[in-house]
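First up is the structure itself, then whatever we jot down about it.
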Amino acid sequence: MADKKRQLEELRKKLSEIDRALLERLEERARASRDIRALLEGEAPALDRSEAEGLDALATASGGVLPEESLRAIFSEIFAVGRALEQPVRVAYLGPEGGFCHAVAQAQFGVGTSFLECATVVEALDEVERGRAVYAVFPFESSVEGLVQPSINALEQTDLVLVAERAMPATYSLMSRTENIADIDKIFATAAAHAACERFLERELAKVSVIDVRSPVVAAEMCADDHGGAALVPEPAGRAQGLGVVRANIGDTADMRFRYGVAGARPASRSGNDTTCLLFSVDDAPGALYDVLRHFAERGINLKKLQSRPVSGQGWDYVFFAEVTGHVTDRAVVTALEAIKRSTKYLRVLGSFATAE
């Protein structure tokens with residue numbers, strides 16, 4: 001027993017020494033990021049580095065002791081903090097504060113970034129167009145309902161382009177100080193969270209009152225010092241206030257995911273593993289759609305997604321949203337786009353970005 005206790009103490013001492021060594025290397029990395037900031041002073045911020053490529057390289061180099069999912073989560077946060085140090089930016093996002101879009105923006109740009117909550121995607125994009133923010137973050141596809149058409153429509157009406165994408169689970173957790181469901185006598189939640197978890201609440205907490213609040217951050221703050229309070233929030237918002245999970249992933253739709261787009265004024269550079277999004281329309285004639293799509297197939301460009309939507313106020317005219325492999329500056333994509341210009345009534349490239357894993 002004494003030997004076991006001594007071994008545990010030695011191992012804990014070793015962990016502390018490793019932690020201090022990690023701290024030194026992280027501070028060294030932060031200093032390098034600040035040096036980059038000095039070199040880039042006066043230049044417009046740009047998302048030039050492919051995070052996916054860097055994470056893939058680290059996963060390949062790993063000895064396998066650390067689970068790959070954990071490795072990617074750790075280094076994603078390190079990369080985000082580095083970006084915030086290298087080129088501080090202001091980022092507009094679709095609110096509310098503490099919601100899923102806010103969490104995505106923090107994961108992409110680092111928690112130290114200056115964030116601007118917006119009520120609509122149109123407002124977030126407008127902040128970038130007016131120069132009050134450098135990037136806008138917004139949802140553009142759901143794993144349940146597909147493309148978020150209002151987001152696509154809003155982006156189409158601007159000169160901005162997609163420069164990055166990020167996928168994240170959109171799951172709610174019931175959280176509280178005590179982590180005991182029997183202690184709960186009230187629940188703080190946004191209207192969206194309440195609606196998304198209605199079946200769970202009716203089944204397990206039908207007699208508990210639900211208090212409507214404006215944001216997940218407010219919900220977490222309200223129950224942080226309330227023994228009987230609980231918050232229905234994305235887990236990061238609750239963790240930030242010291243709350244623990246009572247029940248995880250309690251939404252009516254299990255394991256819902258969203259893709260989020262990052263839009264900016266400057267195109268993203270080529271990463272070597274890119275996706276290009278575009279909108280186009282064709283004449284109502286036999287073979288018109290085929291005459292567009294064949295140009296991608298002939299050049300070995302994979303069509304990853306194709307979806308149509310009606311054009312508002314244009315009768316039964318339709319616009320197609322397409323995602324293809326490759327960057328808009330790749331030779332194959334360039335020649336394909338030049339060719340389809342002759343076969344389309346309308347063509348708008350929404351942007352190219354590094355493909356998320």
Side-chain angles (χ1 to χ4, degrees), residues 91-108 111-124 127 136-140 142-145 148 150-151 166-260:
V91 178
Y93 69 92
L94 178 65
E97 184 183 10
F100 300 116
C101 197
H102 188 202
V104 167
Q106 289 179 318
Q108 181 71 27
V111 294
T113 297
S114 173
F115 294 104
L116 176 63
E117 177 186 344
C118 297
T120 65
V121 175
V122 171
E123 182 182 327
E127 290 296 324
V137 181
F138 53 90
F140 79 94
S142 158
S143 61
V144 175
E145 298 178 350
V148 181
S151 295
R166 201 172 190 109
M168 180 174 283
T171 56
Y172 288 98
S173 293
L174 184 68
M175 306 184 72
S176 73
R177 279 179 54 202
T178 66
E179 302 181 33
N180 186 354
I181 196 168
D183 293 334
I184 297 173
D185 57 29
K186 68 181 76 68
I187 297 172
F188 301 97
T190 63
H194 189 176
C197 305
E198 195 166 5
R199 286 206 299 267
F200 170 84
L201 295 174
E202 289 178 353
R203 184 176 66 249
E204 299 202 27
L205 295 164
K207 295 182 180 180
V208 175
S209 60
V210 180
I211 301 172
D212 184 39
V213 296
R214 69 170 298 274
S215 76
V217 167
V218 173
E221 289 174 346
M222 292 291 285
C223 73
D225 297 318
D226 189 333
H227 182 273
L232 196 56
V233 292
E235 192 170 322
R239 294 289 186 194
Q241 294 298 323
L243 305 182
V245 175
V246 180
R247 294 284 192 279
N249 193 7
I250 59 172
D252 295 348
T253 303
D255 300 320
M256 178 180 282
R257 293 181 64 83
F258 269 91
R259 284 174 77 199
Y260 295 84

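From a predicted model like this one, the values you see are computed outputs, not experimental measurements.
- Under the side chain to side chain donor-acceptor pair (under 3.5 Å) criterion, Arg177 pairs with no residue, sequence neighbours left out.
- Every residue meeting the side chain to side chain contact (heavy atoms under 4.5 Å, CB included) condition with Cys101, not counting sequence neighbours, appears here in chain and number order: Tyr93, Leu94, Val137, Pro139, Tyr260.
- Val210 places none of its side-chain heavy atoms less than 4.5 Å from the side chain of Leu205.
- Summarising the geometry of Ala220 relative to Gly238, their closest heavy-atom pair is CB-CA, 4.2 Å, with the distance given to 0.1 Å.
- Pairs passing the side chain to side chain donor-acceptor pair (under 3.5 Å) check and including a residue from residues 230-253, sequence neighbours excluded, read Glu235-Arg239, Asn249-Asp255.
- Screening residues 216-234 for side chain to side chain donor-acceptor pair (under 3.5 Å) gives Lys186-Asp226 as the qualifying pairs, with residues at least two apart or on separate chains.
- Under the ring-ring contact (aromatic ring centres under 6.0 Å, His included) criterion, the residue pairs touching residues 170-216 are Phe100-Tyr172, with sequence neighbours excluded.
- Between the CZ atom in Arg259 and the CZ atom in Arg166 there is a gap of 13.5 Å [rounded to 0.5 Å].
- In this structure, the side chain to side chain contact (heavy atoms under 4.5 Å, CB included) partners of Glu145, at least two apart in sequence or on a different chain, are Ser142.
- With sequence neighbours excluded, the residues satisfying side chain to side chain contact (heavy atoms under 4.5 Å, CB included) with Val218 are Val213, Arg214, Ser215, Met222.
- Within the model, atoms CZ of Arg257 and OG of Ser143 stand 8.0 Å from one another, a figure rounded to the nearest 0.5 Å.
- In terms of heavy atoms, Gly229 sits closest to Cys223 at C-CB, 3.6 Å.
- Partners of Pro150 by side chain to side chain contact (heavy atoms under 4.5 Å, CB included), not counting sequence neighbours, listed by chain and number: Val148.
- In this structure, Ala219 and Val233 approach most closely via the heavy-atom pair CB-CG1, 3.8 Å.
- Applying the side chain to side chain donor-acceptor pair (under 3.5 Å) criterion to Thr178, with sequence neighbours excluded, gives Asp183.
- Atoms CD1 and CD, from Ile184 and Glu204 in turn, are 10.0 Å apart once rounded to the nearest 0.5 Å.
- Applying the side chain to side chain donor-acceptor pair (under 3.5 Å) test to Glu127 and every residue at least two apart in sequence or in another chain returns Arg132.
- Considering every non-hydrogen atom in both Ala107 and Met168, the closest pair reads CB-CE, 4.4 Å.
- Counting only heavy atoms from C-beta outward, the side chains of Glu117 and Pro96 approach each other to under 4.5 Å.
- Here the straight-line distance linking atom CE of Met175 with atom CD1 of Ile187 works out to 13.5 Å at 0.5 Å rounding.
- Note that CG of Leu201 is 15.5 Å distant from NZ of Lys207, once rounded to the nearest 0.5 Å.
- Summarising the geometry, atom CD1 belonging to Ile250 is positioned 4.5 Å from atom CG belonging to Leu232; distances are rounded to the nearest 0.5 Å.
- The two atoms that bring Ala136 and Ala124 nearest to each other are CB-O, 3.7 Å, heavy atoms only.
- When the side chain to side chain donor-acceptor pair (under 3.5 Å) test is applied to Asp212, no partner is found at least two apart in sequence or on another chain.
- Pairing each heavy atom of Asn180 with each of Ser176, the nearest pair is N-OG, 4.0 Å.
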